[in-house]
Amino acid sequence: MFCYNCAKEIKEKNGEVITVCPQCQTELKKKLEENDEKLLTQSAHGRLHDAGDLFNSGMCGLVLGGIGLIIALLFFVLSYKATNGGQLVLTCTEFYVFCALGSVSLMGLGYGIVAVVLASIRKKTYKQIIKDIQNKTFVQ
């Protein structure tokens, strides 16, 4: 069941019929009227737009995290000092930069992956709602 005011999916718990949306406190009906379908379509379009924004944000996280990770790997290579016989020096500035930038980059990549997956799921859901309403096959 979807709230026709905010397009939030509402799942019934233990067979209990929910009559009020927990997010926007709108009274829900089993049978949607034409005006309610228009409201649901508008809300679904808004949610679809929000999912697109989340997808774009996730892609930025992926790109920036990837670039940061490449730069961090360059600093890791620089932390091998020729004056030390080509061995890794854990006390040099380059290694500290590698650790800090690598950590931040991995967090950006993690955020990007989660955001892209969530946005893709949401986009699919709301596109299906809009399609069902347009084809007159939407069932609450």
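Predicted, not measured: the structure shown is a model, and the values here were computed from it.
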In short, A51 meets K123 closest at the heavy-atom pair CB-CG, 3.6 Å
dist K127:NZ -> D132:CG (nearest 0.5 Å) comes out at 14.0 Å
Would you say K124 has more than 12 foreign heavy atoms packed within less than 6.0 Å of its NZ?
-> no
4.5 Å side-chain heavy-atom contact, V116 and F55 | yes
Which ILVMFWY residues are connected to L54, directly or by a chain of links, through side-chain heavy atoms under 4.5 Å apart?
-> Y111, V114, L118
Same hydrophobic cluster for L69 and F75, using side-chain heavy-atom links shorter than 4.5 Å among ILVMFWY?
-> no
For V104, what are the other residues in its hydrophobic cluster, where any two members join if their side-chain heavy atoms are less than 4.5 angstrom apart?
-> M107
CG of N84 to OG of S79: how many Å apart, nearest 0.5 Å?
-> 11.0 Å
Say you draw a straight line from CD1 of I130 to CZ of R47; how long is it, rounded to the nearest 0.5 Å?
-> 12.0 Å
Non-hydrogen atoms of G65 and S105 that approach each other most closely = O-CB, 3.4 Å
Measure the CG-OH distance between L90 and Y96 for me, rounded to the nearest 0.5 Å.
-> 8.0 Å
Could you state whether V63 and L109 fall into the same hydrophobic cluster, counting links through intermediate Ile, Leu, Val, Met, Phe, Trp or Tyr residues with side-chain heavy atoms under 4.5 angstrom apart?
-> no
Dump the intermediate steps for side chain to side chain contact (heavy atoms under 4.5 Å, CB included) on F98 and V77, then the final yes or no.
-> CA-CA 9 Å; F98 158 73; V77 171; over 6 Å; no
Same hydrophobic cluster for L62 and L64, using side-chain heavy-atom links shorter than 4.5 Å among ILVMFWY?
-> no
Partner of F76 by side chain to side chain contact (heavy atoms under 4.5 Å, CB included), out of L101, L88, I71 = L88
